[in-house]
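Scope of the values below: all heavy atoms of this structure, side chains included, with no hydrogens, waters or symmetry mates. Worth saying up front: this structure is predicted, and the values here are computed from it rather than measured. Proteins get letters first, then strands, A, B, ... in listed order; numbering begins at 1 in each.
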Amino acid sequence: MAEQERIVVTAVVPLDYTYNYRVGPYLERYIQELGGKKIMAIKCGGCGKVVVPPRKVCGECNRVMDEWVEVGPEGTVENYTVGHVTLNKGLIEPADPPVTLALIKLDGATSFLAGEVRGIDPADLKNGLRVKAVFTDPAENSLTDLDHFEPAG
Amino acid sequence: MERKVAIIGQAQTKHSEDIGMPRERMLFELVKGLFGQFGITRHDIDTFVLCSNDFQVGRTISNVFEDTPVGAYMKDETKVEADGVWAVTYATTRILSGIYDTALVVANSLGGSEFRPYLIMDYQLNPTYDRQLGFLNELSTAALQARSYMDKYGMTDAQLDMIAARLLRNAAKNPNALQAKADATPGYVAGSDYLYEPLRKLHCYPFTDGACALLLASAEKAKDLTDNPVWIAGMGDSIESYYVGERDLFRSRSTRLAAERAYKMAGISDPMGQIDVAEVSTKFAHQEPIICEALGLFEEGSGGEVADKGLSEIDGEMPVSPSGGGLGAYPFSAAGAICVAECFRQLTGSAGDAQVANAGAAVAHGQDGFCAQHNAVIVLSKEEG
Amino acid sequence: MRNVAIIGVGYTPVFVSKRKDVNIVEMISEAVDAAFRNTNLTPEDIDSITFGNMQTFEGLNLPHLWASEHIRALDKPTIRISTGGTTGMSTLQAAYYQVASGLHDVVMAVTWEKQSEGDSQVGLTGIVMPEAMVMIQHGMDLFGGRGMAGMGGGSTGAASYQAMSYLHHSGASPEHIDKMAALERTNASKNPYAHLRKVTTVEDIQATPFISWPLRYGHTCPTSDGATVAIVASEEKAKKLADQVAWITGVASCTSDPTTANLIEGQLTDSAEQQPARIASEKAFAMAGIKNPKKEIDMAELYNGFAHQSLMWLEKLGLCKEGEAHKMLDKGALDIEGELPTNASGGVFSTNAIGASAMNRPAECALQIMRKIEGEHQIPKKVRNALAHGWGGLFQYVTVVILSDEPRKAK
Ligand SMILES: [Zn+2]
């Protein structure tokens, strides 16, 4: 029997399965409406909050939310960060130019939506900045049909 | 509650970037060492509460490979899949039920050498939306939370650096910490690279391999095993909304509710006066004021002032994370259990260079989720109460 | 310890292969809503929540975080339990301990799986992944026939070793597996919450192909999407909140070593031995004050991913003598109308949303005791004590819950 040449000390196991997530009726409609350049939110009949992206349950009110309302396409930056890195499968990679990420309160919504603000010097990104949604044209029937935001006006 | 539960002992690995041995051996040696402290064997343990995470381990039902190394063969065992602090609350619950007298908690992960912590966090995102878009991740959400607190209360970047520097100095007094620097200054922290503004590399937890074991017992059993038990006086936990766009990120509602529950159970009405030391699970420096304020240890929005005045130093008015906390080491699944273990070290007077004088009551904290969505609090005391 | 009862159960409206119409948290919320409906409770009545599933199956880490609103957990204590196939029962046991300890009065246990969104066989084979990769590095062809057998070939391959050993030791014949399979599938046809609901004959089973001798395709469980919720309460609260309850009188779990699985680490022990089942059941019987389980247990819900296991578990759990289970089957004792109705629901064998599978066992026992079974599988005789069993890990982990029509007597 041949002499053992090496000892395995590390077993490298890529964990790369394919999952097929059903998005459910709320996100389905949201995505469809994006194709018509409309951002649809859902309103809670209990507390009146308007959330986007839409979902089924308002946990606070123990209610199924079912009133659809259009919000945006303009909104206000409520919080932001400039990313000098991005994460790719959990690994840090430099971001050049930096990523300008904001939490945006769309007009008519009560929740903040995360989105990228383009067409702006990172140093100019501030709370209170007015921004508007830019849609993919033609639409691709995907979440990324709401492509990014840019300064309004 | 008719019963009282005590922590009898703790053991931790020397946390590292690469522990250099298989998980099974790490756990075997850790638990063997803990049993050795008390001259007991696995047969003295009634129930085993393990804490690990299948994503982190990279295999389904990860606990089955830990059972034998920790001594659970042919024994009662269960697994909590969350931060280790929940394993401690669950083990305590099991003893309180009266069905068990002793419990062993073993929490671990190899985030330094075996998996990518930021990727594991990505797997916590709503896969139908947030994970598709990629805006939210461990660092961007933390940065938004930091910005929210700093904007709301006027805490400066320099004050944020002071928090991180203090934790790195504390970590240098903890023989098990991984990220440490005895002479860390705010300038040293500010010299590290930006990740997502305002967070720099040294505001963040290090990727850590590590494990923590805790031995718990009912009052009767505790007195057989040790003269120096630490009592679990209260515990509580609470979860809030997943949606970061719907939360006040500058405060921690769930930590506040968790603390209220724990303090009520422990009979604590004035945490500032009654708590002597806190070990807080902070993944990022800015989380320390948010969590400590929710724990009632400082006034809301006082993070900058606390840093300026050094109130949370080991010899300060309210020492926070003498161990270095999450900045010193953050093994996922074990981090909160380590906070409990560090409180145990403080209350038994065995915290070495990091020892807080006259510590009689401590609070430990653990978290899960983006921007600390889910928090648990345990109050520990030298008094049986 | 305080007495604890199951006061209500909620299932998703169906358990099927693919719930394409809802996402994960929407599906879970259906079972939560059903539990509230069935108990007339609201989230305000719930003190704490326990939550469990097999996370790698959906590629979702700590899913209780995303689900917090949909399971009505906001501002509540929440804990996530995951022990493999037994997760559902481990999650119920966590709820039990929270009430027994006096920490909480009313606790909701939420369990689920949406297997259609991932690949469960990949997920299960993931148990042995690191070892498998080491073997690949040693030049072994894992994906050829022999390699796949070594790795277990998913769970069916591993189960075939167990079935072989069981047949050898018990004296049962492969036809008994067919017969048990037909009985349980037919039971499932009466259960509106079962997945495979077709009246099935022994001949139907025998017409299915072998996967790995002695197991046929017709001996294996489906993969399902579904969720199950149980609400437990203290004695005081239970009496206020519910007319019908089922008392949890015994709980236990036991683990052995993963080498018992006969997978990659070699045949060190026999995977049909299942010592943990004996240890756990004896402990649970003692806690419940059951001295003669063969007489005192009126029904069983057993975790059977494969049809031979129902027979095997009856013996290992002390509900009949070794080698007797197939004789009881032949006598009709295991039928819904028999002496020891076994998997009247159709078992895991007919419905398998894994995270919920070990919860459905005590949930079914509770509904039988409360006589609240929807569908045609209500056991006609009075059920005083029922045994619910969970099995999982790497073939080496067992949980048991005993449910009774009366609370535990204080010692
Ligand atoms: Zn509402």
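Contacts between B:I239 and chain C at a heavy-atom distance below 4.5 Å involve backbone atoms as well as side-chain atoms. In this structure, chain B has no heavy atom under 4.5 Å from any part of C:F51. Neither the backbone nor the side chain of B:E260 comes within contact range of chain C, judged by heavy atoms closer than 4.5 Å. When heavy atoms are compared at a cutoff of 4.5 Å, B:N53 approaches chain C by way of both its backbone and its side chain. Interface remark: B:E81 contributes backbone and side-chain atoms alike to the contact with chain C (heavy atom separation under 4.5 Å). Only the side chain of B:Y243 comes within contact range of chain C, judged by heavy atoms closer than 4.5 Å. If you measure heavy-atom distances from C:I279 to chain B, the contacts under 4.5 Å come from the side chain alone. In this structure, chain C has no heavy atom under 4.5 Å from any part of B:Y129. Residue C:Q98 touches chain B through both its backbone and its side chain, counting heavy-atom pairs closer than 4.5 Å. No part of B:S254 comes within reach of chain C, as not one of its non-hydrogen atoms sits under 4.5 angstrom from that chain. Both the backbone and the side chain of C:H64 come within contact range of chain B, each with at least one heavy atom under 4.5 Å from a heavy atom of that chain.
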TODO: Check the pair C:N23, B:N126 against side-chain contact (heavy atoms from CB on, under 4.5 Å), reporting the backbone distance first and the verdict last.
DONE: CA-CA 10 Å; C:N23 71 23; B:N126 169 355; 5.9 Å; no
- [ ] Let me see the working for C:Q93 and B:R94 under side-chain contact (heavy atoms from CB on, under 4.5 Å), right down to the final yes or no.
- [x] CA-CA 10 Å; C:Q93 290 188 352; B:R94 285 182 160 226; 4.3 Å; yes
- [ ] Start with the C-alpha distance between C:M287 and B:I99, add both sets of side-chain angles, then the distance that settles side-chain contact (heavy atoms from CB on, under 4.5 Å), and finish with yes or no.
- [x] CA-CA 9 Å; C:M287 187 174 158; B:I99 298 171; 3.5 Å; yes
- [ ] Go through the steps to decide whether C:I79 and B:V80 satisfy the test side-chain contact (heavy atoms from CB on, under 4.5 Å), and finish with yes or no.
- [x] CA-CA 8 Å; C:I79 191 169; B:V80 172; 4.1 Å; yes
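Distance alone, capped at 3.5 Å, places no donor-acceptor pair between the B:Q124 side chain and the C:P63 backbone. Side chain of C:S68 to backbone of B:E240: a donor-acceptor contact under 3.5 angstrom is found. At least one donor-acceptor pair closer than 3.5 Å links the side chain of B:H374 to the backbone N or O of C:T78. In terms of modelled atom types and a separation under 3.5 Å, the side chain of C:Y397 and the main chain of B:E77 share a donor-acceptor contact. Listed for the C:N61 side chain is a donor-acceptor partner under 3.5 Å among the backbone atoms of B:I120.
B:M235 approaches C:L103 most closely through the heavy-atom pair CE-CD1, 3.6 Å. Closest of all the heavy-atom pairs between C:L60 and B:L125 is CD1-O, 3.7 Å. Of all heavy-atom pairs spanning B:D76 and C:S253, the tightest one is OD2-OG, 3.1 Å. Pairing each heavy atom of C:F57 with each of B:T60, the nearest pair is CE1-CG2, 3.9 Å. Scanning both residues, B:A72 and C:T255, for their nearest heavy atoms gives O-CG2, 3.1 Å.
Between atom CG of residue B:D67 and atom OG of residue C:S256 there is a gap of 8.5 Å, rounded to the nearest 0.5 Å. Atom CG of residue B:N63 and atom OG1 of residue C:T83 lie 6.5 Å apart, to the nearest 0.5 angstrom. Here the straight-line distance linking atom CG of C:L65 with atom OH of B:Y242 works out to 9.0 Å at 0.5 Å rounding.
Between B:D237 and C:K76 there is no salt bridge, since none of the side-chain N atoms of the basic residue sits less than 4.0 Å from a carboxylate O of the acidic one. Ion pair C:R80/B:D368 not flagged as a salt bridge, since none of the NZ, NE, NH1 or NH2 atoms sits closer than 4.0 Å to an Asp/Glu carboxylate oxygen.
Top candidate by heavy-atom pairs under 4.5 Å with chain C, chosen from B:S97, B:G98, B:S241, is B:S97. Your options are C:A252, C:A100, C:S90, C:C254, and the one with the most heavy-atom pairs under 4.5 Å with chain B is C:C254.
Residues B:F55 and C:L62 have side chains not in contact (no heavy-atom distance under 4.5 Å, counting atoms from C-beta outward). The closest side-chain heavy-atom distance from B:W86 to C:I81 is not below 4.5 Å.
When the shell of 6.0 Å around NZ of B:K221 is examined, it contains 12 or fewer heavy atoms from other residues, nucleotides or ligands. The 12-atom threshold is exceeded at OH of B:Y118, counting heavy atoms of other residues, nucleotides or ligands nearer than 6.0 Å.
The residue from B:R253, B:R256, B:R261 that alone fulfils the salt bridge (charged side-chain N to carboxylate O under 4.0 Å, His left out) condition with C:D75 is B:R253.
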